[in-house]
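Before any comments, here is the structure.
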Amino acid sequence: MVTGYAAAEASECCYEAFEVVKLMQNEDGLDPNRVTLVSLLQAAANAGSYKEGRAVHGYAVRRGIDSFDEILETSLMDMYSKCGDLEMSRSVFGRMSKRCIGSWNALIAAHVQVGQPLTAFELFQRMLQEDILPDMITLANLLSSCGDLKFLRQGKSIHGYLIRRQVQLDLVATTALIEMYSKCSRTNQGRMLFDEIQAKDVIMFNVMVSGYLQAGLPDKALETVCRMIEAGIKPNPATILNLLSVSADLGEIRIGKEVHGYIVKQGIGSNVDIANQLLSMYGKFGRIEMARQIFNRITRKDLVSWTSMITSYAQHAHASDALMVFRLIHEERLQPDLVTLVSLLQAVSSLGCLTLAKEVHGHIYRNRLEKEILILNSLLTTYAKCGSLGMAECLFKSIVKKSQISWNAMISAFGMHGKCLEAIDLFNQMLKEGFQPDDITFTSILSACSHGGYVEEGWSIFKSMSEKHSVTPNTEHYSCAIDLFSRSGRLEEAYGLVQHLPPRERTSALDALLSSCRVYRNVEVGEIVGRELLDLDPDNSGTYILLANIYSEAGKWDAAARIREIAQANSLARQPGYSMIESASVQ
DNA sequence: TTAGGGTTAG
C-alpha cells in the first residue's frame, strides 16, 4: 500500500503514504521495516518533502537500523538529492561501507541534475579507480554531462565503450547519444544514430528536433516534427515548445498561430511552460499586445514569465514598460536572476539613461551577480550606450576572465564613441592575448574604421580576415568595406567590392555609393551605379532624384532631364521627409 | 537512465 502511494509521484500521495504507516503502527502495532522505510523515502523524494524524508532518516537511526543496507542508503541519498540537499547525500555516500553501483549512480545523477556535470565526471573517474563497472544508467547520465560540458572526446569514448562491449543500444541510450552529439555540434552524427532506430518514441523525436534548433536549422527541425506526426506519434508538451521555437526561428508567425490554435483546442494553454514559450514567441515577432495578453492570463507566473515579458518589451521599443514589469517582480516575492537582469540592461540601453544603468549596477552587486561574465559584458555595453565610455572601459579592465565577447563588446564600445584608433589597438591586443576574432569582431572594427575614415587600416584588416583568421567576409563586412572606400572617394574600388555581394543584397550598398558619387561629383561611376540601382529597385524615387542631381551638377542637363521624365512617367512622387522625436518619459 | 523555456558582443 505504502509502495503504491510512493510510486504515485504526487505530494498528496506522500502524505497518504505516511498516514498509512501511522495506521499500521497504531492499529496493528506493526513497526515499519526496511522495505517500508525505502518506500517512504521514495514518497518523500518524489514529493520533494524534505521534512518527511529527514524524519524517516531520524527514525531509522533511532531504531538502530543504522547499519543500513545498500538499498536503504541509496534511497536516503536519492531522497536528499531530490530535496536539494546534495551535501547530506554526499555524506550518506561517504559513510557507506560497501557502495553498490546504484549509490554511485544516485550521486552522479544528483550532480548532473543540479548542473554540476564536472563533479559528476570526477565521481565517474573515482568509480573506475575503485573497479566498479559502470552500467547503462551511469553512462546515460555521463552522456548528458558530456553534452552540457561539450566534452565531445569523452562522449565519443563512452560511445566507443558501448560498441566495444557490444552493448545493445536501446531507445534511451541512443537518445542520450543523439543528445550528446547534438550538444557538441555534431548534429549529423546524431542524425545517423536517429536513422538507425526503427521504432522511435516521442522523446527521441523531440531530442532530434531540439538538436536541429540548437544547430540553427529550424527547417530541418520542422521537417522532423512532420515526419513524427506522419509516423502517427502524438506531439507532447515538449514537442509544442520545440514547434514554437521553430516558428520564431523561421520567422514564420503562421506556424506559431497554428500551434497556438492546437494549444487552445487541446486545453493546455494553462501550462505555464507552454504559456511562457507562446508569450516569448509573440514577443519575438513584435506582437507585444498578444504577448501581454498571454502574460496577463498566466495565473502562476514564474521568473521565466516575467523575464520573457521584460525581454519582449525591451526588444521592441517599450523600454519603460520593461522597467515597470521589473519593478513588479518584487511584489511577487520572486528574485530576479542573471537572465532577468541582462534583459533589463537591454531596456536601459535603449533608453540611454546612465542613472538607471548605475541603479541596475547596484542591484547586480546586491544580488552578488557582479562576477558573472554574461552580466559584465551586458553592463559594459549598457554603459557605452548610455554615453559613459569611461565606465565601460573601467568595467572591461576589471574583468579578470575576459571572454571573446568582452573583447568584442569593448571594441564596439570604442567604435560607437568614434574612437577608431583605440578600437584598433584593442583589436591588436586581443590577438596578442590569443583570442580568436570572429565575424562580429570584424563587423565592429570595420565599422569603426569606416566611421573614422581609417581607410588603409580598415582595408588591411578586411584582407586579413580570410588570409590570417579564416573568417569569410559576409554581406555586412563587404558593406563596411564598400562604405570605407566610398566615404573617402575611392569609388571605383568601392564599386568593385559591390560585385562580391549577391544582387538582392546590393541595394543599400549601391544607395550609399550613389550618394558618395554625388559628393565626389563622379559621373562615370554614378551613372553605372544609378542604372544598376534602377534595375534592382525601379520604384525608388530617391534614386531618380540623386542620379538627376549628379547629371545636372556635372552640366549634363539633357541626361538629367531624361531621368526626371522617366520618373514622372512612372509617376514617382518625392517622398516627403519627416522626423520623430520621442519625449522622455522616464527620468 | 533519455526531451523543452527567458540571455551577453554588431
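Scope of the values below: all heavy atoms of this structure, side chains included, with no hydrogens, waters or symmetry mates.
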Identify whether any heavy atom of [X] sits under 4.0 Å from a base atom; if not, whether one sits that close to sugar-phosphate; answer base, sugar-phosphate or nothing.
| X | value |
| --- | --- |
| D438(A) | base |
| T340(A) | base |
| S378(A) | sugar-phosphate |
| T175(A) | base |
| K284(A) | sugar-phosphate |
| N141(A) | sugar-phosphate |
| D337(A) | base |

Among [options], the nucleotide that comes nearest once only the side chain of [X] is considered:
| X | options | value |
| --- | --- | --- |
| N236(A) | dT1(B), dG4(B), dA3(B) | dA3(B) |
| E179(A) | dG5(B), dA9(B), dT2(B) | dT2(B) |
| V172(A) | dG4(B), dT1(B), dG10(B) | dT1(B) |
| V342(A) | dA3(B), dG10(B), dT7(B) | dT7(B) |
| E476(A) | dG10(B), dA9(B), dG4(B) | dG10(B) |
| A140(A) | dG6(B), dT7(B), dT1(B) | dT1(B) |
| I137(A) | dA9(B), dT7(B), dT1(B) | dT1(B) |

Is there a side-chain contact between [X] and [Y], using heavy atoms and a 4.5 Å cut-off?
| X | Y | answer |
| --- | --- | --- |
| I329(A) | I310(A) | yes |
| V246(A) | V259(A) | no |
| C449(A) | W459(A) | no |
| Y454(A) | L421(A) | yes |

Does atom [atom1] ([X]) have a neighbourhood of more than 12 heavy atoms from anything else shown, all under 6.0 Å?
| X | atom1 | value |
| --- | --- | --- |
| M192(A) | CE | no |
| Q168(A) | CD | no |
| L334(A) | CG | yes |
| R487(A) | CZ | yes |

Per the atom types in the model, does the base of dG6(B) pair as donor or acceptor with the side chain of S308(A) at under 3.5 Å?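 Answer no: no donor N or O sits under 3.5 Å from an acceptor.
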On the side chain of D273(A), is there an atom forming a donor-acceptor pair with the base of dG4(B) - under 3.5 Å, no angle test?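 Per atom types, the contact qualifies.
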Distance in angstrom units between [X] [atom1] and [N] [atom2], rounded:
| X | N | atom1 | atom2 | answer |
| --- | --- | --- | --- | --- |
| I268(A) | dG4(B) | CD1 | P | 17 Å |
| N206(A) | dT2(B) | CG | P | 14 Å |
| Q404(A) | dG10(B) | CD | C1' | 13 Å |
| I399(A) | dA9(B) | CD1 | P | 13 Å |
| N271(A) | dG5(B) | CG | P | 14 Å |
| L278(A) | dG4(B) | CG | P | 19 Å |
| L241(A) | dG6(B) | CG | P | 10 Å |
| H111(A) | dT1(B) | NE2 | P | 15 Å |

Contact list for DNA chain B against [range] - heavy-atom distance below 4.0 Å:
| range | value |
| --- | --- |
| residues 441-448 of chain A | S444(A) |
| residues 293-304 of chain A | D302(A), L303(A), V304(A) |
| residues 410-428 of chain A | S412(A), M416(A) |

Report the residues that fulfil side-chain contact (heavy atoms from CB on, under 4.5 Å) with A275(A), sequence neighbours left out, ordered by chain and then residue number. I294(A), I298(A)
What residues, two or more places apart in sequence or in another chain, satisfy side-chain contact (heavy atoms from CB on, under 4.5 Å) together with S144(A)?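 Scan of S144(A) (side-chain contact (heavy atoms from CB on, under 4.5 Å), adjacent residues dropped) gives V112(A), D148(A).
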Check whether the ring centres of F462(A) and F442(A) lie less than 6.0 Å apart, and answer yes or no.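 Distance test on ring centres: not under 6.0 Å, no.
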Would you call E223(A) and R227(A) a salt bridge, using N to O less than 4.0 angstrom?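 Judged by the 4.0 Å cut-off on N to carboxylate O distance, E223(A) and R227(A) do not form a salt bridge.
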Could you list all the ring pair (Phe, Tyr, Trp, His ring centres under 6.0 Å) pairs where at least one residue sits in residues 185-209 of chain A, not counting sequence neighbours?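 The answer is F194(A)-F205(A).
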